[in-house]
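Reading through the structure tokens given below for one structure.
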Amino acid sequence: ALTGVTLVNWTAAADACGHPVAALATNPSSTDVIVPTVVTGLKGDAGTVLPAAVLRMSDPDPAYVNPTDCKDMDCTGILNTAFVDTDGSLLLLGGGGGASSS
């Protein structure tokens, strides 16, 4: 859980080489298990935090989709919640909810 954390100096959503970066992100190597991160009271330092640099959700890797598994389980990638926003502070907007990769 993250409670009462203040983000500072997240001013770009990519590094100098163009690779995406974010203060909070899913693990792109995790194909089916994500332990949810519960976020409460997240703050962004005004003027030094770009909203696009707060959260990055990786798309599921198509190489892990197995159509033969579609009969008895989801086969489209990660379907579980990665972040639980208890008070709307995750996107620095207000309101609450969850964020998932699908």
Side-chain angles (χ1 to χ4, degrees):
L2 295 174
T3 303
V5 173
T6 300
L7 303 176
V8 179
N9 293 330
W10 286 91
T11 57
D15 64 15
C17 296
H19 300 109
V21 295
L24 302 170
T26 56
N27 180 351
S29 299
S30 179
T31 59
D32 62 358
V33 177
I34 295 177
V35 177
T37 300
V38 179
V39 179
T40 304
L42 186 69
K43 296 179 180 136
D45 183 52
T48 70
V49 178
L50 180 69
V54 173
L55 177 65
R56 173 150 172 40
M57 302 291 290
S58 299
D59 291 328
D61 185 342
Y64 289 103
V65 175
N66 182 354
T68 61
D69 287 341
C70 295
K71 295 179 196 125
D72 58 356
M73 66 179 69
D74 291 317
C75 61
T76 56
I78 299 170
L79 296 177
N80 45 350
T81 301
F83 297 93
V84 177
D85 184 0
T86 64
D87 60 0
S89 63
L90 181 59
L91 299 179
L92 308 178
L93 299 173
S100 67
S101 59
S102 56

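Note that the structure is predicted; figures quoted are calculated from it, not measured.
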With sequence neighbours excluded, residues passing side-chain contact (heavy atoms from CB on, under 4.5 Å) with Ala53: Trp10, Leu50
Sub-4.5 Å side-chain heavy-atom contact between Val54 and Leu7: yes
Rounded distance [0.5 Å steps], CG in Leu55 versus OG1 in Thr26: 8.0 Å
Set of residues satisfying side-chain hydrogen bond (donor to acceptor under 3.5 Å, both in side chains) with respect to Asn9, sequence neighbours excluded: none
Common cluster, Leu90/Val5, ILVMFWY with side-chain heavy-atom separation under 4.5 Å: yes
Exam field: side chain Asp87 to backbone Thr40, donor-acceptor pair closer than 3.5 Å: no
Main-chain N/O of Gly44 paired to Thr6 side chain as donor or acceptor, under 3.5 Å: no
Closest non-hydrogen atom pair between Leu42 and Ser89, with its separation: N-OG, 2.9 Å
side-chain hydrogen bond (donor to acceptor under 3.5 Å, both in side chains) partners of Thr48, counting only residues at least two apart: Asp45
